[in-house]
Amino acid sequence: NTDESEYIRTVKKIFFYFSRIKKHKQMKTTTLFVPNKVTVQRIADHFVYIFYRTILVVSFLLFSNNLFSQTNSYDRHWYFGPYNSFDWISGSPVLVAGCAMNNIEGSATANDVNGNLLFYGGDDKIYNANHTLMPNSVGLNCTTTPKQGPISVQVPASANRYYYIYPGGYGAPLKYSIIDMTLQSGLGDIAAGSKNIQLRAANAEGIIAIRKPIVCSEYWIITHDASNNRFYIEQINSSGISNFSSQNIGPVCNMGAGFLDYSTVNGKLAMLYGSFNVALFDFNEATGVISNYVNVPLPSIAGCLEYYS
């Protein structure tokens, strides 16, 4: 049918692209066997995701003057794998050496108010500012290939403690640990008794933190169930991190679902699902309520999404 033909054409183009840049491996693409539509989507999702990550990095380099005319100290250092990092102190990204992380998908970096690197992580490990492993991060129940996440949020009213929130993998629990920067002589580590604490049972890999409008140290954490149309909303405030609500709205999550993003300009929450669709919602920053679902079909496969404003 028409849809399957489009899948086949897309995957052939992807394989042709990679064959051109890997001629030394003599990859052959003249014959391509496509057994079924699901297999094609999995192959396409993988290669297109890598392709779009490359485009994203190039876009940062090309358009950084517009995007980061004023650098926020909390955003100074970006660490991502494999073994890459940017320093934004000048307003433009400068590649710096030292990153010890070898992941290929989502990651988190924490900087202090002066822009000093505190820690970073993106798989089942967390590294300190000296690029060495935090001892108690061994055994972290975080997927080694998080499509989105983990995220780090400073504990309200604390100068030295951070929530490190991470998906365990598609369909696995959402958990968090608490990093105490007073441990390990100021390099930080996961506090004893504060590791792999479960928040939700079965999540997709999408996760996003949204700052509350009145108290800037308080946040909403939004995730989505892996097998239905249920959003989960956690609340971070002076009382800690806790389950706030669950809301059934929008499409059922399936393969390729999970990527979340939010626009503070118009209060729109977006979720990529099925690789060919984006679900748009209104999100009330004051009440934590999601509403007004609208589906936006995409003209081609997407592996991630991002708001630009």
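Tyr273 and Leu260 end up in the same hydrophobic cluster when Ile, Leu, Val, Met, Phe, Trp and Tyr side chains are linked at under 4.5 Å. Both Ile241 and Tyr219 belong to a common hydrophobic cluster when Ile, Leu, Val, Met, Phe, Trp and Tyr are linked at side-chain heavy-atom distances under 4.5 angstrom. No path of Ile, Leu, Val, Met, Phe, Trp and Tyr side chains, each step under 4.5 Å between heavy atoms, connects Leu95 with Leu117, placing them in separate hydrophobic clusters. Both Leu174 and Tyr176 belong to a common hydrophobic cluster when Ile, Leu, Val, Met, Phe, Trp and Tyr are linked at side-chain heavy-atom distances under 4.5 angstrom. Tyr164 and Leu199 sit in two unconnected hydrophobic clusters of ILVMFWY residues. Membership requires side-chain heavy atoms under 4.5 Å apart, directly or through other members.
Considering every non-hydrogen atom in both Ser177 and Lys195, the closest pair reads OG-CA, 3.3 Å. Scanning both residues, Trp88 and Pro93, for their nearest heavy atoms gives CZ3-CD, 3.3 Å. Contact between Pro251 and Ala279 at its shortest, heavy atoms only, is CD-CB, 3.8 Å. The heavy-atom pair separating Cys99 from Asn84 by the smallest distance is SG-O, 3.5 Å. Contact detail for Cys142 and Asp124: the closest heavy-atom pair is O-CB, 3.5 Å. Here the closest heavy-atom approach between residue Asn130 and residue Asn128 is recorded as N-OD1, 2.8 Å.
A donor-acceptor pair shorter than 3.5 Å cannot be found between the side chains of Thr182 and Asn160. Tyr262 and Glu285 share a donor-acceptor pair across their side chains, judged by distance under 3.5 Å alone. With no hydrogens or angles considered, no side-chain donor-acceptor pair links Asn248 and Ser246 at under 3.5 Å. Looking only at atom types and distance, the side chain of Asp189 has no donor-acceptor partner in the side chain of Asn136 under 3.5 Å away.
Rounding to the nearest 0.5 Å places CD1 of Ile236 at 9.5 Å from NZ of Lys212. Ile197 contributes atom CD1, which lies 11.0 Å from atom CD1 of Ile165 (distance to the nearest 0.5 angstrom). Between the CD1 atom of Ile179 and the OG atom of Ser137 there is a distance of 8.0 Å, given to the nearest 0.5 Å. Rounded to the nearest 0.5 angstrom, Trp220 CH2 and Ile222 CD1 are separated by 9.0 Å. For the atom pair CD1 of Ile151 and OG1 of Thr223, the computed distance is 9.5 Å after rounding to the nearest 0.5 Å. The structure places CD of Gln148 at 9.5 Å from CG of Leu272, a figure rounded to the nearest 0.5 Å.
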TODO: Would you check, one step at a time, whether the test side-chain hydrogen bond (donor to acceptor under 3.5 Å, both in side chains) holds for Asn103 with Tyr83?
DONE: CA-CA 8 Å; Asn103 77 315; Tyr83 308 117; over 6 Å; no

Task: Test ring pair (Phe, Tyr, Trp, His ring centres under 6.0 Å) applied to Tyr162 and Phe119, step by step - done: CA-CA 10 Å; Tyr162 292 79; Phe119 60 85; 5.6 Å; yes

Open item on the list: Test side-chain contact (heavy atoms from CB on, under 4.5 Å) on Ile207 and Ile221; report intermediate values, then the result.
Closed with: CA-CA 7 Å; Ile207 182 171; Ile221 306 297; 4.0 Å; yes

- [ ] Start with the C-alpha distance between Met271 and Val278, add both sets of side-chain angles, then the distance that settles side-chain contact (heavy atoms from CB on, under 4.5 Å), and finish with yes or no.
- [x] CA-CA 6 Å; Met271 180 182 75; Val278 171; over 6 Å; no

Open item on the list: Before you tell me yes or no, could you show the steps for Met134 and Tyr127 under side-chain contact (heavy atoms from CB on, under 4.5 Å), namely the whole-Å CA-CA distance, both residues' side-chain angles and the distance that decides it to 0.1 Å?
Closed with: CA-CA 6 Å; Met134 286 188 177; Tyr127 300 89; over 6 Å; no

Task: Step-by-step side-chain hydrogen bond (donor to acceptor under 3.5 Å, both in side chains) determination, Arg200 to Tyr232 - done: CA-CA 8 Å; Arg200 299 288 182 177; Tyr232 295 119; 5.8 Å; no

- [ ] Given side-chain hydrogen bond (donor to acceptor under 3.5 Å, both in side chains), test Lys175 with Asn196 step by step and report yes or no.
- [x] CA-CA 6 Å; Lys175 297 185 177 183; Asn196 291 329; 5.5 Å; no

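A distance below 6.0 Å separates the ring centres of Phe86 and Phe80. Residues Phe259 and His224 place their aromatic rings such that the two centres sit no closer than 6.0 Å. Aromatic rings of His77 and Tyr120 (six-membered ring for Trp) have centroids beyond the 6.0 Å cut-off, not under it. The aromatic ring centres of Phe281 and Phe283 sit 6.0 Å or more apart.
Residues Ile178 and Tyr163 have side chains in contact (heavy-atom distance under 4.5 Å, counting atoms from C-beta outward). Residues Lys268 and Asn266 have side chains in contact (heavy-atom distance under 4.5 Å, counting atoms from C-beta outward). Here the side chains of Met101 and Ser107 are in contact, with some heavy-atom distance below 4.5 Å.
Put simply, the side chain of Arg211 gets close to the backbone of Cys216: a donor and an acceptor are under 3.5 Å apart. Here the side chain of Ser158 pairs no donor or acceptor atom with the backbone of Val155 at under 3.5 angstrom. Asn114 places no side-chain N or O within 3.5 Å of a backbone atom of Asn116 that could act as its donor or acceptor partner.
The side chain to side chain contact (heavy atoms under 4.5 Å, CB included) with Ile233 is formed by just one residue from the set Asn243, Val289, Ile290; it is Ile290. When each of Leu140, Val138, Asp180 is checked for a side chain to side chain contact (heavy atoms under 4.5 Å, CB included) with Ile190, only Leu140 meets the rule.
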